[in-house]
Amino acid sequence: MAPLLQSSQPWVEKYRPKQVKDVAHQDEVVRVLTNTIETANCPHMLFYGPPGTGKTTTALAIAHQLYGPELYKSRVLELNASDDRGINVVRTKIKDFAAVAVGSGQRQGAYPCPPYKIIILDEADSMTEDAQNALRRTMETYSKVTRFFFICNYISRIIEPLASRCAKFRFKPLSEEIMSSRILHICNEEGLTLDAEALSTLSSISQGDLRRAITYLQGAARLFGSSISSKDLISVSGAIPLEVTEALYAACKSGDFDLANKEVNNVIAEGYPVSQMLAQLFEVVVEADDILDEQKARICKSLASADKCLIDGADEYLQLLDVSSNTMRALCNMPQEFSYDS
Amino acid sequence: MLWVDKYRPKTLDQVIVHQDIAQNLKKLVPPPIYSFLLLSAFAFLWALWFWQKTLIMALLRQIFGTSAEKVKVENRTWKIDAGSRTIDLELTTLSSTNHVELSPSDVGFQDRYIVQEIIKEMAKNRLIDTKGRKGYKVLVLNEVDKLSREAQHSLRRTMEKYSTSCRLILCCNSSSKVTEAIRSRCLNVRINAPKEEQIVKVLEFIGKKEGLQLPPGFAARVADKSNRSLRRAILSLETCRVQQYPFTSNQAIPPMDWEEYVSEISADIMREQSPKRLFQVRGKLYELLINCIPPEIVLKRLLSELLKKLDEELKHEVCHWAAYYEHRMRLGQKAIFHLEAFVAKFMSIYKGFLIATFG
Ligand SMILES: Nc1ncnc2c1ncn2[C@@H]1O[C@H](COP(=O)(O)OP(=O)(O)O)[C@@H](O)[C@H]1O
Ligand SMILES: [Mg+2]
C-alpha cells in the first residue's frame, strides 16, 4: 500500500504571495503592475532577474488577479522548460490556445477579466532561438487577443525582436532586511526559533534568493526540529564551513605544496562542491587586507579559469589543486612564469 | 558471497559508518514534499555506487517496507512525440511498486525527454490506498551531474509542479556539475568519504562476525591503504584473508593491480625522457584504458605518484599541466592523446630541470 501524503505543503508554495502588492522589494514593478491591473490594460511583458526574486510569483499573481479562479484555466496558459517548447509546440499548442476566441470583456465581481488571454512562458531563456523566432509570428498574428509574459534569468537570451515588443521589468536580488523579515514571518507562522546568527547565515548563504532561503529553512526544520542553528543551515545548504576555506587558504599561505595538496584532498573527500569552494575562496582573497592588489589579481585570474574549466566538466580535484598552487605562488611571491616550460 | 555484499547494511539502523546521515535520512520518512540531493564524495569510482546505493536502498525500505526490495529490472522504450517525428529512447529501469530508479544521462543528449516524460507519467499513475487517498512514488535519478543542461533546466519547475505526487532523490558525485537552480530546490545531503577510524570499526565488526583474529594495528593499516574507500578496505581485508591466515601484523596489503601499473609508468618516465620511452608508455596507458580504468583516474593517480618524488618547484608546474590536459581531455574525444600529451610535457619539463640542475 502506498504511504500517505503529509498534508503539509512545500513552504515555497505555501508562502508564495497571492497578490502583486505582496511581492516584496520590487517596488517599481509592483507600482506599475498594480496600475495595470486596475486599468486591465496589459502590454506584453518580460520579467528578468536572478532566481528566487519573485518573477514567477508576480506573473501568476497578475493572471489570478485579472481573471479570478473561474476563468483562469481557460484564459491562461502556463508553459515552462519542463514542457517541450520546440518549434512545433510553439506552432501548434500556443497557436491553438491563442486562436480560440474569447468573449467580450465582462467584469466579473472583483475581477476585470479583460478580453484577451495570457500566455506565460516561464524559464524562457531555455527556449531555442528557432522557437523564439517562430513565436514572433504568433505574437503578431494574435496580438489583439493575447498577451505574452516572458520570464527569464538573462535578458540577453531572449532575441531582440521579442524583447523589443515587451515592457521590461527587472527583478532585483532581495536585500538582507527583506529576506530576514520574510524568514522571520515564516518562522513565526511555523513556530520555529532562529537566533540572530542563524538568520544572518541564512541570508548570506542564500545570496538574495528567497526560494533558497525558504527551502533550506524547511529542510533544517525537518531534520533538526524547531530550534535551528547556523550550523544546521550550513549543513542542509551544501555551503562550506568557513574553517574549511580558511584552512585551505592558510595552507596556501604556508608555501608548503604537500600541505595544500592534503587540504585539497580533504575538501574532495568531504564532498564539498568545488565551485562553491572557489566562490568562498574568492571572498577570502578579496577581503584580505595583508596582500597586494597584484597578488589578488593573480589569484582571481586563476579562479576565473578554473570556474570555466569546471563548467566544461573538468575534474574538481585537479582544478582546485591548480588554483591552490597558483594561490600559493602568488601569496609567497614565487614567479608567475614556470621555469622549465619550454 | 563477497564480504562487501554480505555485510552491506539492509536498514538504516544497521549502518555503522555515517550513522548521523542514516539518522537524518530516517527523519525524512515519509519523504518531504521537496526533493533531496545526495552528494557523494568518494574520490574513487568503485566506491561511489556502493555507498550511495546502500543508503538509498535502506531509505526506500524504511519508507515502503520490504516491498521496496522486490525490484524488477526492465528495458523500457519511450516513444517521444517531437512534432514532426517520433523518437525512440531505450533505457534500463529498476523499479518496485513504489519507486523507479534510472540514469537518464545514459541516453546522451536526449536525456531531457526522459526527464520530462517519466515524471509526468509517474504523476499520472498515482497509487490510491483503500481509503481513496492518493499516495506518492519515489523517483531515484542517478548521475544527475551527468545530465545535460537542458535536462537540468527541465527539472527545475517540474520538481515544484509535481511535488505532491512524486518525490525525487537525486544522486550525484560532483555537485559542481549540478546547476544552482536544482541545488537550491533540494535539501542537500552530503555524504563524505568515511574517516579511517570509521573504516577500522567496520573491519573489526566484520572480523568479529567472521571469527577472525586481527593483530593490533592490522585493520588500521588496511584502512590507511584504502584511500578512505570502505568498499576497497573490505575487499582488501578479504584478499588478505585468502592470501594468508592467521594474519601477521606485518603482512603485506596488496595494492590494486592498475595502481601498481601506474606507479611503474611514473617510475619509467622519471628514469628516462625520450621518444622511445614515450612510445613504450603509450602501450601501458592503452592497456589501462582497455581495462576500463577511466582516463581521469589514470591521470590523477599518475600525478600523485609523480608528486611524491618531485622538487617543490616542479610540483606546481606538473600539477598545472595535469589540470590543463585533463580539461582538454574533457573537451576532446580521444583520451589517449591527452594522456600522452601530459606525459610528453612532463618529460620535457623534467629534462629541462635535470639539465639546469646537473648540467
Ligand atoms: N519578492 C518576493 N516577495 C515575496 N516572496 C518572494 C519574493 N521573491 C521570491 N519569493 C518567495 O520565493 C519563492 C520563489 O519565488 P519565484 O517567484 O518562484 O522566483 P523566480 O523569480 O525564480 O521565479 C516564492 O514562493 C516566494 O515564497
Ligand atoms: Mg521562476
Side-chain angles (χ1 to χ4, degrees), chain A residues 1-6 8-10 12-13 51-52 80-84 86-89 92 122-123 126 209 211-212 215 218-219 222-223 235-238 257 261 265 268-276 309-310 312-319 321-322 325 328-329 338-342, chain B residues 24 27-28 30 32-34 39-41 43 63-64 82-84 98 116 127 129 133-136 150 153-154 156-158 160-161 163-164 174-177 181 183-185 187-188 190-193 228 296 300 307 312-313 315-317 319-320 322-323 326-327 330-331 348-349 352-353 356:
Chain A
M1 192 185 78
L4 297 175
L5 274 179
Q6 277 192 315
S8 73
Q9 262 180 304
V12 175
E13 296 302 329
N80 60 62
S82 64
D83 305 297
D84 189 11
I87 289 204
N88 289 299
V89 173
T92 57
D122 205 345
E123 295 152 3
S126 61
D209 177 345
R211 173 190 295 107
R212 250 161 98 167
T215 308
Q218 190 172 14
R222 181 70 180 251
L223 289 182
S235 88
V236 294
S237 73
F257 184 93
N261 191 6
N265 266 311
I268 302 292
E270 287 298 320
Y272 295 118
V274 168
S275 54
Q276 177 76 28
C309 292
L310 287 179
D312 289 339
D315 185 77
E316 295 194 295
Y317 164 78
L318 291 172
Q319 291 303 322
L321 187 62
D322 192 26
S325 146
M328 180 179 292
R329 290 190 304 132
F338 289 127
S339 332
Y340 305 105
D341 185 19
S342 43
Chain B
N24 276 345
K27 294 188 202 148
L28 296 176
I33 285 185
Y34 44 91
L39 311 170
S40 165
I63 303 172
F64 299 115
S84 51
N98 299 304
Q116 287 165 1
L127 298 171
D129 76 351
R133 284 177 297 194
K134 285 179 177 168
Y136 59 86
E150 288 73 30
H153 278 310
S154 338
R156 295 195 290 199
R157 181 88 184 118
T158 318
E160 293 176 348
K161 222 170 152 179
S163 59
T164 41
S174 153
S175 56
S176 293
K177 292 175 197 164
R183 272 192 276 156
S184 72
R185 282 170 167 82
L187 174 63
N188 292 253
R190 186 171 51 82
I191 308 174
N192 53 1
R228 293 178 70 173
E296 68 278 5
K300 282 197 275 186
L307 287 178
E312 202 69 13
E313 196 186 352
K315 286 180 185 169
H316 290 282
E317 210 161 324
C319 93
H320 169 75
E326 194 275 338
H327 176 225
R330 271 318 144 134
L331 300 177
S348 139
I349 292 169
F353 165 78

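Because only heavy atoms are used, hydrogens play no part in the values below, and waters and symmetry mates are left out as well, while side chains stay in. Chain identifiers are assigned alphabetically (A, B, ...) following the order of the sequence lines, protein sequences preceding nucleic acid strands; residue numbering begins at 1 within each chain.
The salt bridge (charged side-chain N to carboxylate O under 4.0 Å, His left out) search around A:Arg329 returns none, not counting sequence neighbours. Residues meeting the salt bridge (charged side-chain N to carboxylate O under 4.0 Å, His left out) test with A:Glu316, sequence neighbours left out: none.
Residue contact with chain B, scored on non-hydrogen atoms closer than 4.5 Å, involves the backbone of A:Ser235 exclusively. Heavy-atom distances place the side chain of A:Tyr317, and not its backbone, under 4.5 Å from chain B. For chain A, the nearby parts of B:Lys315 are the backbone and the side chain; heavy atoms of each come within less than 4.5 Å. Contact of B:Ala322 with chain A is made through backbone and side chain together, with heavy-atom distances under 4.5 Å.
The aromatic rings of A:Phe257 and B:His316 sit perpendicular to each other, their planes meeting at more than 60°, with 30° as the lower class boundary.
Between B:Glu326 and B:Arg330 there is a salt bridge, since a side-chain N of the basic residue sits under 4.0 Å from a carboxylate O of the acidic one.
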